[in-house]
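Working notes, beginning with the structure itself.
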Amino acid sequence: MKVDVLLGLQWGDEGKGKIVDVLAPKYDVVARFQGGPNAGHTLEFDGIKHVLHQIPSGIFRPKTKNIIGNGVVLDPIVFKTEIEKLAKYNLDVKANLFISKKATIIVPTHRLLDQAYEKAKGDNKIGSTLKGIGPSYQDKIGRQGLRVGDILSNDFASRFKKLTDIHFDILKNHSIDFNWADLEKSFLEAVEFLKGFKLVDSEYFINEELRKGSTILAEGAQGSLLDIDFGSYPFVTSSNTVTAGACTGLGVAPRHIGEVYGIFKAYSTRVGSGPFPTELHNEEGERLRKEGNEFGSTTGRPRRCGWIDLPSLKYSIMINGVTQLLMMKADVLSIFAEIKVCTHYQLNDGKITEEMPYEVVNEKITPVYATLKGWNVPLTDLSEKQIPKELQEYIVFLEKELNVPITLISTGPDRSETIHRSKNI
Ligand code: GDP
Ligand code: IMO
Ligand code: MG
């Protein structure tokens, strides 16, 4: 068997949580491979909306094992809150959740450092979720981080102190208010709580599942345009959000990767700062935000909205080796009589390109649009046979441009509002 990967092709919030939940019954294992509590993955079924930050989106399917991989940064405090929220649903989380001992721990000072660094950036702030992602990955790469397995060692308290002392040394140069006694207490309580879960050598675990023939889905967080290497640097997150990240974030060899599901919204959104060529600063943008309920699942911030951007999608498809495309939120575009698709970028010097330029921050990129007719009808209770002609044309147009089949369309937030266009998904 292979490890299939599902990941976002835009700036996050494409609808990964919903689709992982939809696909989970087909998979024995769902595994998160990067990111941390900056993610907010929404699932909706039986009239209830759930937002998961660190727990994989297979958790509501009783037969699915869920792994938090070594590439993840885990905040024990957020983890405890998340688990407690799930308590009323009678899930056997303790049986179905496996946490890598090699996952990096977010300590409370990482969150304080995130705030301090953002404040110091002034107008150039990243718009971070302030969950401690950048500082915890910095400590991992700087070879001084704490890992989940460390909580089982006798000297964890002194190692925690050593790390936080380094952070305090930096923080004294910044004016950030905090009550350390409270933060430390809730952290240490959460660490004790975490000890009650299955802390495993997840690279052995997942490779053993592969050997047994289990089906495995790797669940990406954020999106390809937020990738530390390939995103709109420096306005990115601090991990590899692309397919390659599933290999390093789980301990799976590249030859074991199977399908790569690239998920995208039928338009574009971005939360936080950074370049966004097709952003709409007008009433159309407002309408998209309102109709799509485009407010961050983690921070509640309004998302910036714009038309679909094919040069960036083509780039993400190339980097990830996408084999199937999944188009989300088609229903939101029902409000428009005409729909625009950015097919090329015009650069400062007048050059027209369909490639992502190296300089995306200081380059003035003007989108070149094709205009398609909208379908202008609601998409509730739709089956594949009833897809309106104009939506079908939109899909065919995108497939031709992107050269990858669109095998699934989502027409609403609920599990059931999903149209499969292929037997392969
Ligand atoms: P994720 O981070 O990729 O899991 O995406 P988020 O959960 O942050 O954001 C996606 C939002 O869109 C959530 O509020 C979902 O409930 C919602 N959603 C997902 N698919 C659809 C869809 O097809 N139509 C509509 N209207 N909403 C959707
Ligand atoms: P999911 O998994 C959308 C954005 C932040 C900010 C930048 C860096 O729900 O799609 P960070 O907290 O990582 O330092 O923030 O990345 N960002 C996301 N945007 N969806 C996410 O996750 C995001 N995670 C981080 O807004 O611009
Ligand atoms: Mg999200």
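Note that ligands are numbered from 1 as they come in the structure, with each ligand's atoms numbered from 1 the same way.
- Taking CG of Leu379 as the reference point, atom CD1 of Ile409 lies at 9.0 Å (rounded to 0.5 Å).
- Checked by atom type, the side-chain pair Ser100/Ser202 shows a donor-acceptor distance below 3.5 Å.
- Under the 3.5 Å distance criterion, with hydrogens and angles disregarded, a donor-acceptor pair is assigned to the side chains of Lys18 and Ser410.
- For the Mg ion (ligand 3), protein N, O or S atoms closer than 2.8 Å were enumerated as Asp13 OD1, Gly40 O, with waters left out.
- With respect to Lys65 and Asp28, no salt bridge is recorded, no charged nitrogen being found less than 4.0 Å from a carboxylate O.
- Using a 4.0 Å cut-off between a side-chain N of Lys or Arg and a carboxylate O of Asp or Glu, Glu286 and Arg289 qualify as a salt bridge.
- Applying the salt bridge (Lys or Arg N to Asp or Glu O under 4.0 Å) test to every pair with at least one member in residues 219-242, sequence neighbours left out, gives no pairs at all.
- Ionic pairing of Glu203 and Lys102 is present here: one or more N-O contacts between side-chain nitrogen and carboxylate oxygen are shorter than 4.0 angstrom.
- Under the 4.0 angstrom criterion for non-hydrogen atoms, Gly40 is in contact with ligand 1.
- Among protein heavy atoms, atom 10 (C) of ligand 1 sits closest to Asp13 O, 3.7 Å.
- Counted by atom type alone, Thr269 and Trp11 present zero donor-acceptor pairs between their side chains at under 3.5 Å.
- Between Phe60 and His50, the ring-plane angle classifies as tilted under the 30° and 60° cut-offs.
- Here the closest heavy-atom approach between residue Arg32 and residue Val72 is recorded as O-CG2, 3.7 Å.
- Contacts of Pro413 with ligand 1, taken as heavy-atom pairs under 4.0 Å, involve both backbone and side chain.
- Of all the heavy atoms of Thr411, the ones lying under 4.0 Å from any atom of ligand 1 belong exclusively to the backbone.
- Two residues are said to be in side-chain contact when any heavy atoms from C-beta on lie closer than 4.5 Å; Ile319 and Ser224 fail this criterion.
- Of the options Gly412, Gly15, Gly223, the smallest heavy-atom separation from atom 5 (O) of ligand 1 is shown by Gly15.
- Under the 3.5 Å distance criterion, with hydrogens and angles disregarded, a donor-acceptor pair is assigned to the side chains of Arg303 and Ser297.
- Residues of the protein with a heavy atom under 4.0 Å from ligand 2 are Trp11, Gly12, Asp13, Lys16, Asn38, Ala39, Gly40, His41, Ile126, Gly127, Ser128, Thr129, Ile133, Ala221, Gln222, Leu226, Val236, Thr237, Val271, Gly272, Arg301, listed by chain and number.
- Compare Lys329, Glu291, Arg303 by their heavy atoms: the one nearest to atom 9 (O) of ligand 1 is in Arg303.
- By the side-chain hydrogen bond (donor to acceptor under 3.5 Å, both in side chains) test, Asp46 is found to be paired with no residue, residues two or more places apart in sequence or in another chain being considered.
- Residue Ile406 comes nearest to Glu399 through the heavy atom pair N-OE2, 2.7 Å, listed as atom of the first residue, atom of the second, then distance.
- The distance from ligand 1 to the heavy atoms of Ser410 drops below 4.0 Å at these ligand atoms: 20 (N), 21 (C), 22 (C), 23 (O).
- Looking at Asn38, Ile105, Thr104, Asp139 one by one, the single match for side-chain contact (heavy atoms from CB on, under 4.5 Å) with Val73 turns out to be Thr104.
- When Thr42, Ile419, Val332, Val51 are ranked by how near their heavy atoms come to atom 13 (C) of ligand 1, first place goes to Thr42.
- With a 4.0 Å heavy-atom cut-off, ligand 1 is reached by the backbone of His41 and by its side chain too.
- Of all atoms in ligand 1, numbered sequentially from 1 with element shown, those under 4.0 Å from a heavy atom of Lys18 are 20 (N).
- Taking every heavy atom of Met328 and a limit of under 4.0 angstrom, the matching atoms of ligand 1 come to 20 (N).
- If you look at Asp331 next to ligand 1, the close heavy atoms, those under 4.0 Å, all belong to the side chain.
- Nearest protein heavy-atom contact of atom 4 (O) of ligand 1 is Gly17 N, 2.8 Å.
- At least one donor-acceptor pair under 3.5 Å links the side chain of Tyr394 to the backbone N or O of Ala266.
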